[in-house]
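Step one of this worksheet: look at the structure below.
Heads up: numbering here begins at 1 and tracks the sequence.
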Amino acid sequence: MEEVREYRALFAVDIVGSSGRGDVALEQIRQVLSAALHASFTRGGVDWDDCLRHDLGDGMRIVAPAGTPETSLIHPLVHELTARLRAHNLLAGKPTRIRLRMALHAGSVRVGRDGTVSGRPLEVLARLLDAEPVRAALAQAPDATTALLVSEHFHETAVCQGRPGIDPAAFRRVDVREKEFAASAWLHVPAYDGAPQATGAAPDRTASDADAPAGNTKMISRASGHGVIYALGNGTMNIGGKK
């Protein structure tokens, strides 16, 4: 089978506490997650149909098309996905509510003609998705919907330059030690309504999107177009891992 090496941005998600909910509930939340991912990638300008997707059972691994800017997998994708899942959770019963761990990495992978992808970057992505700091972040913030862990490499290429919509101060460096993998990574927890709140100005619910600088705690109410109102937060709560 012919394979080529390509530099690709990699995104993975895992549903927290999916076991024990039963087949019906799991299928429902898988459908909700798939639809939210599709819409969020599209909103971020990434062609969903051109992505290479691998079903993880209670999550998904997504390999972005070659040439996709890493920044597009953070802004607006991460907060768009968080907002859509929060909108779902407002109306869902407990068995079908979704909280999500997310991981981002990028690197040179082997891509087969049949769409299979392999290589060390996928192992790194898997370790990040399962890492203790991102698990602890959601455990310590029960009202948070998502938590994101990005690799050191991804942080250098997509976060630390402070591109529009991406605030480097919204990411906290943590140590990751999973199996044979040990490295630094960067944790980001999109804003949520519980305490403690991130530092910054008090919420202003009257300002427009254009007035909201990246990284503050402003909450913006939006209509989804389907009769659902959800809050889109640009702030973060930073949680450090062990040093």
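Under the 4.5 Å side-chain heavy-atom criterion for Ile, Leu, Val, Met, Phe, Trp and Tyr, V24 and I29 are members of distinct hydrophobic clusters. Tracing side-chain contacts under 4.5 Å through hydrophobic residues (I, L, V, M, F, W, Y), one never reaches V4 starting from Y7; they form parts of separate clusters. In terms of hydrophobic clustering, with Ile, Leu, Val, Met, Phe, Trp and Tyr side chains grouped at heavy-atom distances under 4.5 Å, L129 and V124 are assigned to different clusters.
D50 is not listed as a side-chain neighbour of T68, based on a closest heavy-atom distance of 4.5 Å or more. You'll find the side chain of L148 stays beyond 4.5 Å of the side chain of V134, heavy atoms only. Within the 4.5 Å cutoff, the side chain of R8 has heavy atoms near those of the L10 side chain.
Of the residues V63, L37, L125, the one that meets the side-chain contact (heavy atoms from CB on, under 4.5 Å) test with F11 is L37. Test I15, V16, D14 against S18 for side-chain contact (heavy atoms from CB on, under 4.5 Å) and you get one pass: I15.
In this structure, E152 pairs ionically with R173, as a charged nitrogen and a carboxylate oxygen lie closer than 4.0 Å. Look at K179 and D130 and you find no salt bridge, because none of the NZ, NE, NH1 or NH2 atoms lies under 4.0 Å from a carboxylate O. Ion pairing between a basic and an acidic side chain is recognised when a charged N comes within 4.0 Å of a carboxylate O; E132 and R135 show no such pairing.
The distance from the CD atom of E80 to the NE2 atom of H75 is 10.0 Å, given to the nearest 0.5 Å. In this structure, H38 NE2 and R84 CZ are separated by 10.5 Å, a value rounded to the nearest 0.5 Å.
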Should R30 and M60 be marked as a side-chain contact (heavy atoms from CB on, under 4.5 Å) after you check the CA-CA gap, both sets of side-chain angles, and the distance that decides it?
CA-CA 9 Å; R30 279 163 47 88; M60 189 176 293; over 6 Å; no
For I74 and F154, what are the C-alpha separation, side-chain angles and deciding distance, and is it a side-chain contact (heavy atoms from CB on, under 4.5 Å)?
CA-CA 10 Å; I74 296 181; F154 201 97; 3.6 Å; yes
Set out, in order, the CA-CA distance, both residues' side-chain angles and the distance that settles ring pair (Phe, Tyr, Trp, His ring centres under 6.0 Å) for H188 and H155, then state yes or no.
CA-CA 11 Å; H188 171 55; H155 183 266; over 10 Å; no
